[in-house]
Amino acid sequence: MTSLLHSASPFSLASRESLRTRTFLPNRSCSRIAAPNGVRCNVGEPLKYANGKPSTPLLKTEEMEPNFLATKTHLVNATTKNDTRLRIFSGTANPALSQEIACNMGLELGKIKIKRFADGEIYVQLQESVRGCDVYLVQPTCPPANENLMELLIMIDACRRASAKNITAVIPYFGYARADRKTQGRESIAAKLVANLITEAGANRVLACDLHSGQSMGYFDIPVDHVYGQPVILDYLASKTICSDDLVVVSPDVGGVARARAFAKKLSDAPLAIVDKRRHGHNVAEVMNLIGDVKGKVAVMVDDMIDTAGTITKGAALLHQEGAREVYACSTHAVFSPPAIERLSSGLFQEVIITNTIPVSEKNYFPQLTVLSVANLLGETIWRVHDDCSVSSIFK
């Protein structure tokens, strides 16, 4: 398989005034954006990549299952674009995703100056007025987590002091989400601490994608809109020629059973298998046994993130031992801490499917890697939040 930078079924853009009256229709198109380090609008033909290098265009498949994302319409003319009270600013963590979100919404990124002093301190200055505006700050707290988190806090503070009406922190990947409870005595709950920092900095709302656990939403004392990357991955899998009778969805651990069950239900109601894992230390996992039947089937492993890839690769090895024909790995967040790339490219996986909530450097591309875009999903959610419309209906 070659690696792909894939954009899920794109939302077309229509005026915000028509949002409450428009009709949602399924969209069968699957377009791909053209480069891992840049953004282009109005992409026509999808492009195929081999280790990040463009080659032959792929043909679109019309006869595929209906997309799980509905078509949205938001056409913004030049006058509306200039007069809108919605502003989007990007931090330095994932500027390509921020640019793509703004492009899909028919807007331009706001002008912001971010620099670091010689001693490592961060300086932020907005280069345009946000007085009375709804401001959306796109900044995942991915590695380096502490630096990106501090940058987000300073951006929020700058907007608050510039008299922004509402400040929404758009956090495609929420770092420290795994520290959401005490498993031993005298441990910190860092997820709650980070939630307090974002709230105290001045954010009025948080938009997060695939939190490690749903309970993290309760750590915030402000509204949290939680969106899922599942529809993007499901759209892509629906375009592949895999017989539904051959599918089995696998949870790499007991804690991810609810996530895998929801995924299996939407993937032709596929059967479910569970890998029993016992962890002896942080970033160290040991697979014990398998619950369920995978013999002769195509196994789709589902997790919210891949960090060192120890859990998912040991699980894949067990699936092959139990007779699985092919193994796919699906994850929203590609943290990819060493030695994740070596493990994922070892030949255990037919394909590793991730999203661009965290930027993947070109040196980390390998032939089995497929990167899907969540820009359309986040852009539509931002419009709905701005227009006080339902967000949950996107996933129905």
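Count residues from 1 along the sequence.
Side-chain heavy-atom separations under 4.5 angstrom define the hydrophobic clusters, and the remaining members of the one that includes Ile189 are Tyr219.
Under 4.0 Å is where a charged nitrogen must lie from a carboxylate oxygen, and between Asp134 and Arg87 no such pair does. A salt bridge between Arg181 and Glu187 is absent, with no side-chain N of the basic residue lying under 4.0 Å from a carboxylate O of the acidic one. One finds no salt bridge joining Lys115 and Glu121 here, because no Lys/Arg side-chain nitrogen approaches an Asp/Glu carboxylate oxygen to under 4.0 Å. Residues Arg178 and Asp307 are paired through a salt bridge, judged by an N-O separation under 4.0 Å between the basic side chain and the carboxylate.
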Ser268 and Ser244: side-chain hydrogen bond (donor to acceptor under 3.5 Å, both in side chains), yes or no, with the steps? CA-CA 6 Å; Ser268 304; Ser244 58; 4.7 Å; no
Would Ser216 and Asp180 count as a side-chain hydrogen bond (donor to acceptor under 3.5 Å, both in side chains) if you check the C-alpha gap in whole Å, the side-chain angles of each, and the deciding distance to 0.1 Å? CA-CA 7 Å; Ser216 298; Asp180 56 359; 4.7 Å; no
Could you go through Phe174 and Phe220, starting from their C-alpha distance and side-chain angles, then the distance that decides it, and tell me whether this counts as ring-ring contact (aromatic ring centres under 6.0 Å, His included)? CA-CA 13 Å; Phe174 181 63; Phe220 290 89; 5.7 Å; yes
Identify every side-chain donor-acceptor pair in residues 292-306 under 3.5 Å, counting partners at least two apart or on other chains, and give the distances.
{"from": "Asp293", "atom 1": "OD1", "to": "Lys295", "atom 2": "N", "distance (Å)": "3.2"}
{"from": "Lys297", "atom 1": "NZ", "to": "Asp245", "atom 2": "O", "distance (Å)": "3.2"}
{"from": "Asp304", "atom 1": "OD2", "to": "His212", "atom 2": "ND1", "distance (Å)": "2.8"}

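Remark: Phe336 engages no residue in a ring-ring contact (aromatic ring centres under 6.0 Å, His included) (not counting sequence neighbours). Qualifying ring-ring contact (aromatic ring centres under 6.0 Å, His included) partners for Phe263, counting only residues two or more places apart in sequence or in other chains: none. Partners of Tyr173 according to the ring-ring contact (aromatic ring centres under 6.0 Å, His included) rule, which considers only residues two or more places apart in sequence or in another chain, are His333. Remark: Asn364 engages Ile341, Val360, Ser361 in a side-chain contact (heavy atoms from CB on, under 4.5 Å) (not counting sequence neighbours).
Ile358 and Val371 sit in two unconnected hydrophobic clusters of ILVMFWY residues. Membership requires side-chain heavy atoms under 4.5 Å apart, directly or through other members. Note: the hydrophobic cluster containing Val257 also contains Leu267 (ILVMFWY, side chain heavy atoms under 4.5 Å, direct or indirect links). Side-chain heavy atoms closer than 4.5 Å link hydrophobic residues (I, L, V, M, F, W, Y) into clusters, and following such links, possibly through other members, connects Ile171 to Ile167. Residue Val135 is not grouped with residue Leu109 when hydrophobic side chains (ILVMFWY) are merged at heavy-atom distances under 4.5 angstrom, including chains of intermediate members. Both Phe349 and Val275 belong to a common hydrophobic cluster when Ile, Leu, Val, Met, Phe, Trp and Tyr are linked at side-chain heavy-atom distances under 4.5 angstrom.
Contact of the Val138 side chain with the Leu378 side chain is not registered, since no non-hydrogen atoms from C-beta on lie closer than 4.5 Å. Side-chain contact check for Asn204 versus Thr168: every heavy-atom pair is 4.5 Å or farther apart. The shortest side-chain heavy-atom distance between Tyr176 and Asn146 falls under the 4.5 Å cut-off. Counting only heavy atoms from C-beta outward, the side chains of Gln139 and Ser90 never approach each other to under 4.5 Å. Tyr136 has its side chain within reach of His386: a pair of non-hydrogen atoms, C-beta onward, lies under 4.5 Å apart.
Residues Ser373 and Ala375 come closest through the heavy atom pair OG-N, 3.2 Å.
For the pair Ser163 (side chain) and Arg131 (backbone), a donor-acceptor distance under 3.5 Å is absent.
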